[in-house]
2 protein chains.
Amino acid sequence: MRIAELSRQANVSIPTIKYYLREGLLSPGERTSRNQASYDETHLGRLRLIRALIDVGKLPVATVREVLSTLDEPDMPLHEVLGVVSASLCERRQTEPDDVLAAGREDVDALIERHGWQIADDTPELDVLAGIIVSARRLGHPHIADAFDNYCEAAAAIAEVEVGYVSELGTVENVLEGVVVGTVLGEAALAAIRRLAHQNVSARRFTES
Amino acid sequence: MRIAELSRQANVSIPTIKYYLREGLLSPGERTSRNQASYDETHLGRLRLIRALIDVGKLPVATVREVLSTLDEPDMPLHEVLGVVSASLCERRQTEPDDVLAAGREDVDALIERHGWQIADDTPELDVLAGIIVSARRLGHPHIADAFDNYCEAAAAIAEVEVGYVSELGTVENVLEGVVVGTVLGEAALAAIRRLAHQNVSARRFTES
DNA sequence: ACTTCTAGATAGTTACACTATCCATGCGAG
DNA sequence: CTCGCATGGATAGTGTAACTATCTAGAAGT
């Protein structure tokens with residue numbers, strides 16, 4: 001298929017496709033002559049994945065490139081892919097100085113310990129969580145970390161199912177893509193569902209039915 | 001306190017504070033003369049809240065303004081504040097055409113029905129979820145919606161605790177701020193913890209210990 | 001008195017994600 | 001065979017968001 005067809009099927013404008021090609025998000029089509037290339041289903045799938053990560057997952061283009069290039073790493077073990085994808089999603093400028101963050105890290109480490117989780121010490125999420133804790137404390141909500149034990153239990157149940165599901169997807173490529181889709185779209189979905197749950201609980205408590 | 005002190009304590013540059021004042025995120029200080037104003041603890045707290053929403057919650061400035069102006073609405077019932085804050089966080093351009101979205105909405109409505117949740121039909125999260133479902137289907141992962149029942153159970157447990165906690169914060173202002181902080185920072189924390197849970201499950205399954 | 005700080009206004013900067021044009025080809029319908 | 005329209009590649013431009021810098025006139029502190 002030529003670029004016009006790719007554009008139509010993925011619902012992405014031709015200039016944007018060219019932009020993604022330039023940025024290395026999308027691999028070039030197979031050249032059939034100096035100014036022709038043909039694209040196939042893999043390009044279409046990749047392009048749809050790109051749009052999903054950007055539109056639904058709100059990932060910046062640079063992060064999408066990172067994530068996708070990890071997917072294309074042929075012989076990376078599944079566990080490591082998960083780590084790299086996860087790390088890419090954390091990409092956030094360290095907004096707290098190290099010494100302030102350290103206070104939060106103690107709580108985070110204790111949390112992980114309490115739940116008996118096996119997590120590498122340099123996992124960026126740990127610092128993200130620490131940052132959230134110090135931020136909440138500064139806002140006068142020191143309690144917030146108390147909710148994290150709840151989150152951990154909920155997340156553990158969720159993760160068990162998700163990892164189980166993903167690892168049964170058959171081909172390696174499917175599994176890897178499943179990890180990305182599950183991580184990114186799942187995160188958006190969980191956030192939305194949590195807010196719905198708030199609405200529900202709040203409706204039951206604070207409105208006369 | 002004058003602006004320099006506010007800047008120092010909140011760790012936000014003076015030009016940025018002026019920018020927030022212009023944008024209406026921060027209420028002006030009390031004028032003491034033509035070119036002097038004094039700021040108090042409420043300004044400091046508000047400024048810290050702004051930074052937390054922007055840095056941790058990644059909210060755009062326009063959304064922060066919306067959320068904060070809702071907080072300052074004096075006599076809005078708690079349940080409604082939650083709805084408005086929630087809606088502000090959804091602010092995402094509708095990327096799917098209505099007819100395509102409708103297919104996803106059926107699944108979402110069934111999900112809500114199954115769990116017996118009481119949710120207004122026009123809650124924007126419902127469309128967000130629908131968008132995620134159609135997006136996942138297009139990517140060849142029709143299964144993803146299956147995980148949503150899990151998410152719902154987990155979210156219900158979480159929400160019960162959170163709403164209970166927040167409603168015991170004493171003054172109305174504290175409760176309202178608690179809603180915002182809990183919603184936004186909690187979302188970031190839950191996402192991070194979910195990824196940690198993935199790491200943990202994956203580590204146990206795919207690495208020899 | 002004199003340096004430093006301040007409010008307010010205006011303009012400039014940086015980063016990001018596209019979008020528009022141009023050109024030299026080359027395919028493909030007539 | 002030819003002529004219009006699509007294509008790949010390169011370069012430049014656009015719009016938005018979130019600051020950042022400069023300037024002016026006036027006030028504070030020492």
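Just so you know, these numbers use all the heavy atoms, side chains as well, and skip hydrogens, waters and symmetry mates. Each chain gets a letter, A, B and so on, in the order the sequences are listed, and its residues count up from 1. Bear in mind the structure is a predicted one, so any value in this text is a computation, not a measurement.
- For Ser33(A), a side-chain nitrogen or oxygen approaches OP1 or OP2 of dC27(C) to under 4.0 Å.
- Atom-to-atom, CG of Asn35(A) to C1' of dT25(C) comes out at 5 Å; the value is rounded to the nearest Å.
- When the C1' atom of dT6(C) is taken as reference, atom CD of Glu30(B) falls 16 Å away, rounded to whole Å.
- Ring orientation note: the planes of His43(A) and Tyr39(A) are nearly perpendicular, at an angle over 60° on the 30°/60° scale.
- Here the P atom of nucleotide dA6(D) and the CD atom of Glu5(A) are 14 Å apart, to the nearest Å.
- Taking only side-chain nitrogens and oxygens, Arg2(B) comes nearer than 4.0 Å to OP1 or OP2 of dT6(C).
- In this structure, Lys58(B) places its NZ atom 18 Å from P of dA17(D), rounding to the nearest Å.
- In this structure, the side chains of Asp55(A) and Ser135(B) stay at 4.5 Å or more apart for every pair of heavy atoms.
- In the set dA27(D), dT11(D), dT20(D), dT11(D) carries the atom at the smallest distance from any side-chain atom of Arg22(A).
- Taking side-chain N and O atoms only, Thr16(B) has no distance below 4.0 Å to OP1 or OP2 of dA18(D).
- Residue Arg8(B) places no side-chain N or O under 4.0 Å from the OP1 or OP2 atom of dC5(C).
- Arg195(B) places no side-chain N or O within 3.5 Å of a backbone atom of Val85(A) that could act as its donor or acceptor partner.
- Nucleic acid contact class of Arg51(A) (heavy atoms, under 4.0 Å, all strands): sugar-phosphate only.
- Of the side-chain N and O atoms in Tyr19(A), none sit less than 4.0 angstrom from OP1 or OP2 of dT14(D).
- The nearest whole Å value for the distance from the CD1 atom in Ile17(A) to the C1' atom in dG8(D) is 13 Å.
- The residues Arg2(A) and Glu5(A) are annotated as not salt-bridged, no charged nitrogen and carboxylate oxygen being separated by less than 4.0 angstrom.
- Going from atom CZ of Arg34(A) over to atom P of dA24(C) covers 13 Å, rounded to whole Å.
- Distance, Lys18(A) NZ to dG8(D) C1': 6 Å, rounded to whole Å.
- Counting non-hydrogen atoms under 4.0 angstrom, Pro60(A) reaches the backbone sugars and phosphates but no base.
- Distances shown here put a side-chain N or O of Arg31(B) below 4.0 Å from the OP1 or OP2 atom of dG8(C).
- Toward the 5′ end of DNA chain C lies the nearest nucleotide of Leu21(B), the other residue of the pair Ser13(A) and Leu21(B) mapping further downstream.
- No donor-acceptor pair under 3.5 Å is formed between the side chain of Arg65(A) and the backbone N or O of Gly24(A).
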